[in-house]
**Student:** 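Please find one structure pasted underneath; my questions will follow.
Everything quoted here is computed from the prediction, not taken from an experiment.
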Amino acid sequence: MLDFLGNLKRTHYCGELRAKDEGRDAIVMGWVHRRRDLGNLLFLDVRDRTGIVQALFNKETQPAAHAKAEQARSEFVVAVEGKVVKRQKANPELASGEIELAAAKLHILNNAKTPPFPIEDEINAAEETRLRFRYLDLRRPKPHRNLALRHRIILEIRKVMDEMGFIEVETPMLTRSTPEGARDYLAPSRIHHGQFYALPQSPQIFKQILMIAGLDRYFQIVKCFRDEDLRADRQPEFTQLDLEMSFPRQEDIFNVIEKVMVRACAVAGIKAEAPFPHMLYKDVVRKYGSDKPDMRFGMELHEVTYCFPEEAKQKLQIEGSVFALAAPGAAGYSRKQLDDLTEKAKATSLGDFFALSTLEKLIGAENVKKLAEACGAKTGDLVVAVSAKQQIKGTEAAALIAGQLRLQLGEALGVVDKSQWKFLWITGFPLFEWSEADKQWVSAQHPFTGIVDEDLEKLESAPWEVRSKGYDLVLNGYELGSGSIRIHRQDIQERLFKALGLSEEQLRRRFGFFLDALTYGTPPHGGIALGIDRVVMLLAGEKSIREVIAFAKTTAAQDLMADSPSPVDKDQLDQLGISLK
C-alpha cells in the first residue's frame, strides 16, 4: 500500500546533512539507491540530486518503520522521518558519511520496476539504452553535475553580458528560409497551404536588424536548428550565445568574448588568461593542418616540397605541396603501425603518407637530411611526409591531411597536455571557397560577412583572393564560435549577392525585407555566436555534447526516449494540405 505525501514537508536534502546536524530531526525524500538487510538492522541509502544519506531502520526500537522498510526496493520513491545521529564507522566516500538518519517512520510514495542499468556514476550501458531511458540516466550523479555546471555557466554568461550593457532580446522561432550553409528544418503553415516557416539556423538577419533598430548591444541564449549530418559535437538543435554590437572594431568583439570565456571557465574552476593569441587562417593551416588547431602539443607542420626532386615527384605521383612533421620518440614504430597510419591517410581519399625511412632511395640521403632538419627531428623521432592526391582550389590539401595525422599521432604518443586550455582567435579567412559539385566559388561563411576593404576591387575579378572580416574562436582543437564584422552598406551587399550568382528575383524573394532595411541608415556592426553545448562539454571534461544536453538525440537525429521523429495522422496532413510521396 503506497502512502500519500499529504502535508509532509522535506526539511533537508539528502546530500546536505553533515556532522553539525547531529541531534536534529530531519525529513528527507528521494529514491532508494541501495538496500542492505542485516536482520534486526536494515539500511536504505536514500538519494536525491544533492547526494546520498544512509537511513537506519532498527527492528527493536522502531518495528513499524523496519517492517515498512522491508518492502522497499531499488528506485522506490520514499520519505524518511528520523533523527540525525553519528555513524559508528564513517564512510569517507559519502559527503554525508559521518552521520546517518535513525528512522522513526518510512513513507513509500511510489514503487518502481527494476531499471535496465544501475543508477551509478559510471556505468557500462550502451548509449542507445541510456538515451532510451533518459529519465533514469539523468538520475545519475554525473549528468546531474553536468546539467548543474551548464546552468551555472549560462547564468554567469548572462551576468557578464548584462554588466557590459547588452540587452537580451528573443527572436522568432518561426521565420523564413534563407541560405545559411545548412539545410533548414521546415514547418508547414496550416493557414497558408503550400507555404512553410523555417526554424532558424541562427538569428543572423534578426540580430542585424536589431542593430538597424538602434539596440546597440544585443545578446541571446538561443536555440538554433540545422538539418545536417551529426557527430559527437553536433546536434540538430543546439544552443548558442548570440551577440551583436554596433560600431565595433574587431578587437571590441574579441574583448567581450574573452571576458565571457574567462568568467565561464572560472565557474568550472579553470583559469583562462586573456587576451587570447591571434593567427591568420593561412598560417594556422600551414602550421597545424587545421582551422581549429589543438595547440596543447607541438609536432608542427613544415612544407618540404623542395626536398623532393622532380623524378621523385613523378614516381610518387606528387602534384602539389608536401608537408611533414616529426613525431617525438616514434622512430621505433612497427611496420603494422606505419601501415595503419598510411591507411588513415588514404581513408581521407585525398592523401599519401611517407615515412622518412622509406624515402631515402627515392629522394637521396642529402634530401632526407634536409627534410629531417626542416622538421627539427631528433634521434629517435619519426618523420612523416604527406602529399595530396586531389588538389582543391584555395586550400593546402596536403597540410589538412597532415593535420589529421598530427592529431592521431599526438593522441597515440600521449604528448597532448590535458591540463592546458589553449584559446586562439583565427582571422583572415577567405570569403569564398571552391565548390567541386557546383564548379564555382561559393560563400565560405554566411553571405552577410564583411569584406576586407582593400579586397573589394577583387570581388568580381578574383574572388579567390578576397579576404573576409570573419573570425573564429578555437579551444583545444574545437571551434567554439564564429563571427564577423558584417556588411552594412546596401551596395556592397548587393555586389556580394551577385558575385554568388543570385538573380534580382532571388534576392527580392529571399532577402527583400532585409535589403530594404539596409537602406534606412544601417550602422557598422558585427557579432559572433558561441556554441554553448561545446563550451560546457569541454569545461565538463566530456567528449560528446550529448553528455551536457538533457534530452539529446542520436547521430541519426532520433530522440529514442520520445520515439521522435514519428509518423503523424492523415488528418493532420490534410489540415496542412500535405500528401506524402
Side-chain angles (χ1 to χ4, degrees), residues 157 160-161 164 166 180-181 201-204 207-208 211 217-220 224 233 240-262 264-265 272-295 394-396 403 421-433 443-456 465-488 492-493 496 523-532 534-535 538:
I157 288 172
V160 71
M161 295 304 291
M164 291 188 288
F166 284 80
E180 290 194 40
Q201 293 183 34
S202 78
Q204 186 60 49
K207 67 180 181 180
Q208 290 190 248
M211 296 303 99
R217 290 190 165 201
Y218 139 93
F219 88 100
Q220 186 179 185
C224 300
D233 63 343
Q240 64 185 34
L241 164 64
D242 197 55
L243 66 90
E244 200 79 6
M245 301 168 63
S246 291
F247 309 105
R249 302 166 304 158
Q250 187 172 271
E251 295 78 18
D252 298 325
I253 294 168
F254 289 180
N255 289 339
V256 165
I257 291 299
E258 286 170 4
K259 286 178 184 175
V260 166
M261 287 311 305
V262 167
C265 287
E273 295 185 0
F276 304 155
H278 298 199
M279 283 188 75
L280 292 173
Y281 168 79
K282 63 179 182 179
D283 294 335
V284 81
V285 168
R286 291 177 67 85
K287 190 171 184 178
Y288 296 105
S290 171
D291 60 359
K292 47 180 186 291
D294 190 338
M295 303 192 305
T395 67
E396 285 283 12
W421 297 87
K422 294 287 189 179
F423 287 93
L424 177 69
W425 285 110
I426 302 176
T427 59
F429 286 92
L431 188 70
F432 295 95
E433 63 187 9
S443 184
Q445 295 99 27
H446 59 68
F448 315 109
T449 303
I451 303 166
V452 172
D453 299 351
E454 54 265 35
D455 290 354
L456 264 173
E465 293 183 11
V466 178
R467 293 163 296 166
S468 80
K469 291 182 179 178
Y471 33 81
D472 282 1
L473 179 62
V474 173
L475 172 61
N476 292 356
Y478 287 89
E479 178 196 316
L480 291 188
S482 189
S484 68
I485 302 297
R486 320 300 186 189
I487 297 171
H488 70 279
I492 295 175
Q493 187 67 76
L496 177 58
H525 59 284
I528 193 170
L530 287 188
I532 295 288
R534 285 186 193 174
V535 168
L538 289 170

**Student:** At their closest point, which heavy atom of Ser482 faces which heavy atom of Ile528, and how far apart are they?
**Tutor:** O-CG1, 3.3 Å
**Student:** Go through it in stages, so that I can follow the logic: the residues are Glu479 and Leu473, the test is side chain to side chain contact (heavy atoms under 4.5 Å, CB included), and I'd like the CA-CA distance, side-chain angles, deciding distance and then a yes or no.
**Tutor:** CA-CA 6 Å; Glu479 178 196 316; Leu473 179 62; over 6 Å; no
**Student:** Drop me the distance from Leu480's CG to Leu475's CG, to the nearest 0.5 angstrom.
**Tutor:** 5.0 Å
**Student:** Given Lys469 and Arg486, is the side chain to side chain contact (heavy atoms under 4.5 Å, CB included) satisfied, shown in steps?
**Tutor:** CA-CA 8 Å; Lys469 291 182 179 178; Arg486 320 300 186 189; over 6 Å; no
**Student:** Please round to the nearest 0.5 Å and tell me the distance separating atom CE of Met164 and atom CG of Leu243.
**Tutor:**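 Here the rounded value is 8.0 Å.
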**Student:** Would you check if the side chain of Gln493 reaches a backbone N or O of Pro447 as a donor-acceptor pair within less than 3.5 Å?
**Tutor:** yes
**Student:** Starting from the C-alpha separation in whole Å, work towards a yes-or-no answer on side chain to side chain contact (heavy atoms under 4.5 Å, CB included) for Cys265 and Phe423.
**Tutor:** CA-CA 12 Å; Cys265 287; Phe423 287 93; 3.9 Å; yes
**Student:** Please give me the minimum heavy-atom distance between Pro203 and Cys224, naming the atom from each residue.
**Tutor:** CD-SG, 4.2 Å
**Student:** Check the angle between the aromatic planes of Phe219 and Phe166 and answer parallel, tilted or perpendicular using the 30° and 60° thresholds.
**Tutor:** perpendicular
**Student:** Go through the steps to decide whether Leu241 and Gln220 satisfy the test side chain to side chain contact (heavy atoms under 4.5 Å, CB included), and finish with yes or no.
**Tutor:** CA-CA 6 Å; Leu241 164 64; Gln220 186 179 185; over 6 Å; no
**Student:** Supply the atom-to-atom distance Ile257 CD1 to Leu530 CG, rounded to the nearest 0.5 angstrom.
**Tutor:** 4.0 Å
**Student:** Looking at Glu465 and Asp455, what are the two nearest heavy atoms and their distance?
**Tutor:**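 Reported closest heavy-atom pair: O-OD2, 3.6 Å.
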**Student:** Could you tell me which non-hydrogen atom of Pro430 sits nearest to which non-hydrogen atom of Gln445, and how far apart they are?
**Tutor:**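 Between these two residues, the closest heavy atoms are O-NE2, 3.5 Å.
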**Student:** Heavy-atom distance under 4.5 Å between the side chains of Val452 and Leu431, does that happen here?
**Tutor:**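 With C-beta onward as the side chain, the pair stays apart.
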**Student:** About how many Å separate CD1 of Ile487 and OG1 of Thr449, when rounded to the nearest 0.5 Å?
**Tutor:**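 One finds 7.0 Å between OG1 of Thr449 and CD1 of Ile487.
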**Student:** Looking only at non-hydrogen atoms, find the nearest pair between Val474 and Pro293 and report the distance.
**Tutor:**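 Shortest heavy-atom separation between Val474 and Pro293 comes out as CG1-O, 3.6 Å.
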**Student:** How far apart are the closest heavy atoms of Lys207 and Asp242, and which atoms are they?
**Tutor:**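 Looks like NZ-OD1, 2.8 Å.
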**Student:** Determine whether a donor-acceptor pair (N or O, by modelled atom type, separation under 3.5 Å) exists between the side chain of Asn476 and the backbone of Lys422.
**Tutor:**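 Judged by distance alone, yes, a pair lies under 3.5 Å.
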**Student:** Hey, could you give me the NZ/NZ distance between Lys287 and Lys282, rounded to the nearest 0.5 Å?
**Tutor:**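 Here the interatomic distance stands at 14.5 Å.
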**Student:** Is it true that Arg467 and Glu454 have a side-chain N and a carboxylate O under 4.0 angstrom from each other?
**Tutor:**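 Yes, charged N to carboxylate O under 4.0 Å.
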**Student:** For the residue pair Trp425 and His278, categorise the inter-ring angle as parallel (less than 30°), tilted (30 to 60°) or perpendicular (more than 60°).
**Tutor:**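 Perpendicular, since the angle between the ring planes exceeds 60°.
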**Student:** Walk me through it: do Tyr471 and Phe429 pass the test ring pair (Phe, Tyr, Trp, His ring centres under 6.0 Å)?
**Tutor:** CA-CA 7 Å; Tyr471 33 81; Phe429 286 92; 8.9 Å; no
**Student:** Should Asp291 and Tyr281 count as side-chain neighbours, where that means a heavy-atom distance under 4.5 Å?
**Tutor:** yes
**Student:** Would you mind reporting whether Met261 and Val535 have side-chain heavy atoms less than 4.5 Å apart?
**Tutor:** yes
**Student:** Salt bridge between Arg217 and Glu244, side-chain N to carboxylate O under 4.0 Å?
**Tutor:** no
**Student:** Can you measure from NE2 (His525) to CZ (Phe448) and round to the nearest 0.5 angstrom?
**Tutor:**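 With rounding to 0.5 Å, NE2 (His525) is 9.5 Å from CZ (Phe448).
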**Student:** I'd like to know if Arg286 and Asp283 make a salt bridge, using a cut-off of under 4.0 Å between side-chain N and carboxylate O.
**Tutor:** no
